[in-house]
Amino acid sequence: QVQLVESGGGLVQAGGSLRLSCAASGRTFSGGAMGWFRQAPGKERKFVAAITWTGDSTYDLDSVKGRFTISRDNAKNTVYLQMTSLKPEDTAVYYCAAQFDKYGSTWYRTAGAWDYWGQGTQVTVSS
């Protein structure tokens, strides 16, 4: 049973920073990718970033434009999302996702392609 547990969300002022963490248990992260999505109220869940076991990262450049950095610690089976220069429009519930059996990156943006999800962590950016 794979479990993903996010932490690190909270309330921050515009221009501030937060670091989200996602700890995976139940399976060793040795293939596929782990990623982050976000969902604002009344909107669909959208891809933010993903990283493979070997450290290759992909971002939704339109939304993060160099402000967010995804990283991972294989020894801890944990993925991080460092968010800087936060804007009110970054306010959303941020979800960690994992997929251990797919390769390449063409499927990243499709929420249904990810097998495992965390419970979400709220990020609120005040203006």
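What's counted below: heavy atoms across the whole structure, side chains too, no hydrogens, waters or symmetry copies.
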Shortest non-hydrogen contact between R38 and S63, atoms and distance = NH2-CB, 3.4 Å
Would a hydrophobic clustering, with Ile, Leu, Val, Met, Phe, Trp and Tyr connected at side-chain separations under 4.5 Å, put L61 with F47?
-> no
Identify the heavy atoms of M34 and C96 that sit nearest to each other, and give their distance.
-> CE-SG, 3.9 Å
Can you establish whether the number of heavy atoms outside Q3 located under 6.0 Å from its atom CD is more than 12?
-> no
Is the side chain of E6 donor-acceptor paired with the backbone N or O of C22 at a distance under 3.5 Å, no angle test?
-> no
Could you give the distance from CH2 (W107) to CH2 (W114), rounded to the nearest 0.5 Å?
-> 4.0 Å
Roughly how far, to the nearest 0.5 Å, is OH of Y94 from CG of L20?
-> 7.5 Å
Distance (rounded to the nearest 0.5 Å) between Q122 CD and L11 CG = 9.5 Å
Look at the side chain of W53 and the backbone N and O of G32, then say whether any donor-acceptor pair between them is shorter than 3.5 Å.
-> no
Path from L18 to L4 over hydrophobic side-chain contacts below 4.5 Å | yes
If you take all heavy atoms of V125 and K87, which pair is closest and at what distance?
-> CB-O, 3.2 Å
Distance-minimising heavy-atom pair for A14 and S127 | CB-CA, 4.4 Å
Has the side chain of Q39 got a donor or acceptor atom that lies under 3.5 Å from a matching backbone atom of P41?
-> no
Could you tell me the separation between the CD1 atom of I51 and the OG atom of S105, rounded to the nearest 0.5 Å?
-> 13.0 Å
Less than 4.5 Å apart, any side-chain heavy atom of W36 and any of V79?
-> yes
Side-chain heavy atoms of D60 within contact of V48, under 4.5 Å | no
Heavy-atom count around K102 NZ within 6.0 Å, excluding the residue itself: above 12?
-> yes
CA sep, side-chain torsions, deciding dist, call: D115, V2, side chain to side chain contact (heavy atoms under 4.5 Å, CB included) = CA-CA 10 Å; D115 283 345; V2 174; over 6 Å; no
At their closest point, which heavy atom of G118 faces which heavy atom of Y95, and how far apart are they?
-> O-CD2, 3.7 Å
Ignoring hydrogens and angles, tell me if any N or O in the side chain of T121 forms a donor-acceptor pair with the backbone of S7 under 3.5 Å.
-> no
Establish, yes or no, whether the cationic atom of R19 lies under 6.0 Å from the six-membered ring centre of Y80 and within 45° of the ring axis.
-> yes
Y59 side chain to I70 backbone, donor-acceptor under 3.5 Å = yes
Y103 to F100 - nearest heavy-atom pair and separation | OH-O, 4.1 Å
Answer yes if L81 and F37 sit in the same cluster of Ile, Leu, Val, Met, Phe, Trp and Tyr residues linked by side chain heavy atoms under 4.5 Å apart, and no otherwise.
-> no
Go through the steps for V12 and M83 under the test side chain to side chain contact (heavy atoms under 4.5 Å, CB included), then give the verdict.
-> CA-CA 11 Å; V12 64; M83 305 185 293; over 6 Å; no
Has R45 got its NZ or CZ under 6.0 Å from the middle of the six-membered ring of W117, at an angle within 45 degrees of the ring axis?
-> yes
From CA spacing to verdict: side chain to side chain donor-acceptor pair (under 3.5 Å), Q82, T84 = CA-CA 7 Å; Q82 179 68 49; T84 63; over 6 Å; no
